[in-house]
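This report refers to the structure that appears directly beneath it.
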Amino acid sequence: MIASELHGFSMLMCSKKQCFNNHNTILCSSFSGSRVNLVHSKNSAFQSPILAGPKANSKNVASIILGGGAGTRLFPLTQRRAKPAVPIGGCYRLVDIPMSNCIKSGINKIFILTQFNSRSLNNHIARTYDLGSGINFKGGFVEVLAATQTAGESGNKWFEGTADAVRQFLWLFEDAEHKNIENVLILCGDQLYRMDYMDLVQKHIDSCADISVSCLPVNGSHASDFGLVKVDERGRIRQFLEKPNGELLRSMHVDTSLFGLSAQKAKEFPYIASMGIYVVLYPNANDFGSEVIPMAAKDFNVQACFFSGYWEDIGTIKSFFDANLALFDQVINSLISNGSFLRKCNIEHSIVGIRSRLDSGVHLKVTFLFFNVVCHSISSLYFHYFYLRVNYN
Ligand SMILES: Nc1ncnc2c1ncn2[C@@H]1O[C@H](COP(=O)(O)OP(=O)(O)O[C@H]2O[C@H](CO)[C@@H](O)[C@H](O)[C@H]2O)[C@@H](O)[C@H]1O
């Protein structure tokens with residue numbers, strides 16, 4: 001891969017704009033100590049200073065949600081619908097997870113790539129999201145891009161992989177209406193997690209990476225389901241193997257205590273996996289996991305950005321079932337309304353009204369929270385508990 005090939009994609013990649021155009025400038029100023037700040041990540045692997053770039057603006061970010069997989073491992077749930085349209089948590093669809101993360105991150109330019117069984121997904125998107133109209137979403141959109149056969153170079157072919165799917169719609173970014181897009185996030189449509197994507201974009205800019213990959217430690221029993229990485233002390237990916245097995249898997253074993261895990265946790269989670277979430281593009285390959293990232297890691301600054309929250313890949317029937325039930329294993333005889341967030345708390349014999357937020361450690365018992373209630377701690381819980389009991393009686 002040569003720089004000029006990548007320049008063809010610079011419209012999509014702030015990393016390209018910054019690194020090829022400004023990289024030297026930024027480095028020089030950092031060493032002269034004038035313009036750029038030095039920042040330190042919480043992860044010990046990143047104790048070495050990295051450059052702080054300009055502040056990322058979510059209005060200049062577009063997301064591409066990869067929604068086109070056949071979902072064979074989720075069959076028969078995917079017999080009639082695309083994987084991102086498979087229901088989760090009762091009233092949601094898998095695609096609502098990256099969508100909700102985008103909206104909460106302030107990203108309102110969203111493309112969804114589909115290929116198989118897209119009717120149900122189109123229907124859900126059209127009924128649920130209208131980003132252009134809300135005041136905070138002005139100028140935003142959600143656009144479903146279905147695989148199409150076109151005449152010309154790529155004629156008579158469907159998407160040949162995730163990167164190919166993105167590449168086939170690159171021409172869209174040449175439109176004047178998309179000129180302000182500087183960063184592009186590539187997201188999967190089959191995972192359960194909550195992430196502020198702007199943290200990832202900011203790290204991407206700060207480290208002047210060509211590609212950034214969101215990563216987290218995983219244990220040995222699941223490691224061969226993922227793309228695994230080895231990184232250096234600055235978080236740069238030095239090796240990437242897609243779903244390795246046997247000897248190759250063992251070769252990706254790393255000391256994850258270097259990345260902030262306790263000695264015991266490091267033993268339990270001795271591999272670093274790609275979450276399939278990238279700020280990236282690479283022109284001459286079809287699939288991100290098996291081609292783009294491993295190839296780019298050889299010649300370019302591909303950064304691992306560590307994620308420490310809950311994350312689950314929902315690619316198989318078992319993981320799908322477990323993740324759904326785990327949503328409520330902290331809840332007994334209770335009703336949880338739409339838009340509520342529960343973090344490792346216990347809810348017994350209670351009603352949680354819409355858009356309520358219960359933080360870790362909250363134990364709710366025989367309580368009716370109306371709506372928009374925020375419980376940060378057990379003490380705030382007692383306040384709500386008594387308040388609502390008085391009214392209840
Ligand atoms: N032709 C196509 N067009 C549009 N969308 C398509 C597509 N083919 C697949 N997709 C979508 O892309 C996403 C990734 O699916 P893949 O099957 O390519 O990779 P997988 O999830 O196995 O691994 C990936 O994600 C795991 C983390 O879950 C990483 O560890 C691993 O390196 C990475 O390859 C899914 O949302 C899928 O629906």
Side-chain angles (χ1 to χ4, degrees), residues 63-75 77-78 81-86 88 93-99 101 110-118 120-121 143-149 154 157-170 185-193 195 211-219 222-230 237 239-245 248-249 252 271-278 280 282 285-297 302 304-307 310-316 319-320 323:
S63 292
I64 298 179
I65 299 176
L66 300 169
T72 41
R73 288 176 302 160
L74 274 182
F75 198 83
L77 300 179
T78 46
R81 50 170 58 100
K83 196 158 43 163
V86 168
I88 182 158
R93 307 295 185 101
L94 284 175
V95 72
D96 293 331
I97 290 149
M99 284 297 299
N101 283 329
I110 302 168
F111 297 96
I112 303 174
L113 295 180
T114 66
Q115 176 154 233
F116 295 94
N117 283 333
S118 46
S120 166
L121 181 63
E143 195 173 336
V144 178
L145 304 174
T148 47
Q149 289 197 336
S154 58
K157 284 182 186 166
W158 296 109
F159 294 157
E160 297 202 344
T162 47
D164 182 53
V166 173
R167 180 174 42 226
Q168 289 201 27
F169 280 101
L170 277 181
L185 275 165
I186 311 290
L187 307 170
C188 290
D190 58 353
Q191 302 172 346
L192 182 59
Y193 64 108
M195 182 189 284
I211 296 175
S212 293
V213 183
S214 196
C215 293
L216 82 181
V218 291
N219 64 28
H222 288 114
S224 54
D225 293 337
F226 301 115
L228 300 181
V229 305
K230 277 187 170 174
I237 295 179
Q239 199 182 351
F240 185 107
L241 289 184
E242 179 73 349
K243 301 173 187 157
N245 274 303
L248 282 178
L249 171 64
M252 297 307 283
Y271 296 95
I272 304 171
S274 155
M275 296 163 68
I277 297 172
Y278 321 109
V280 64
Y282 185 93
N286 287 333
D287 188 71
F288 283 113
S290 58
E291 298 171 83
V292 176
I293 307 294
M295 279 196 265
V302 181
C305 296
F306 286 87
F307 179 66
Y310 172 88
W311 177 83
E312 194 62 60
D313 176 279
I314 313 182
T316 62
S319 60
F320 172 80

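Whatever order the structure lists them in is the order used to number ligands and atoms, beginning at 1.
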Q) When you measure from the side chain of N117 to the backbone N and O of T78, does any donor-acceptor pair fall under 3.5 Å? A) yes
Sequence neighbours excluded, the answer for side chain to side chain donor-acceptor pair (under 3.5 Å) partners of T316 is S319
By salt bridge (charged side-chain N to carboxylate O under 4.0 Å, His left out), D96 pairs with (sequence neighbours left out) none
Check: For the residue pair Y278 and F288, is the inter-centroid distance of their aromatic rings smaller than 6.0 Å?
Finding: yes
Is a side-chain N or O of Q191 found less than 3.5 angstrom from the main chain of M275, in a donor-acceptor match? yes
I'd like the atom pairs linking ligand 1 to the protein - N or O on both sides, separation under 3.5 Å - with distances to 0.1 Å.
| from | atom 1 | to | atom 2 | distance (Å) |
| --- | --- | --- | --- | --- |
| ligand 1 | 1 (N) | Q115 | NE2 | 3.2 |
| ligand 1 | 5 (N) | G68 | N | 2.9 |
| ligand 1 | 10 (N) | G69 | N | 3.3 |
| ligand 1 | 22 (O) | K243 | NZ | 2.4 |
| ligand 1 | 28 (O) | Q191 | NE2 | 3.2 |
| ligand 1 | 28 (O) | D313 | OD2 | 2.5 |
| ligand 1 | 30 (O) | G227 | N | 2.9 |
| ligand 1 | 30 (O) | S274 | O | 2.6 |
| ligand 1 | 32 (O) | G227 | N | 3.2 |
| ligand 1 | 32 (O) | E242 | OE1 | 2.7 |
| ligand 1 | 34 (O) | E242 | OE2 | 2.6 |
| ligand 1 | 36 (O) | L66 | O | 2.9 |
| ligand 1 | 36 (O) | G189 | N | 2.9 |
| ligand 1 | 38 (O) | G69 | N | 3.0 |

Residues passing the ring-ring contact (aromatic ring centres under 6.0 Å, His included) test with F226, sequence neighbours excluded, are W311
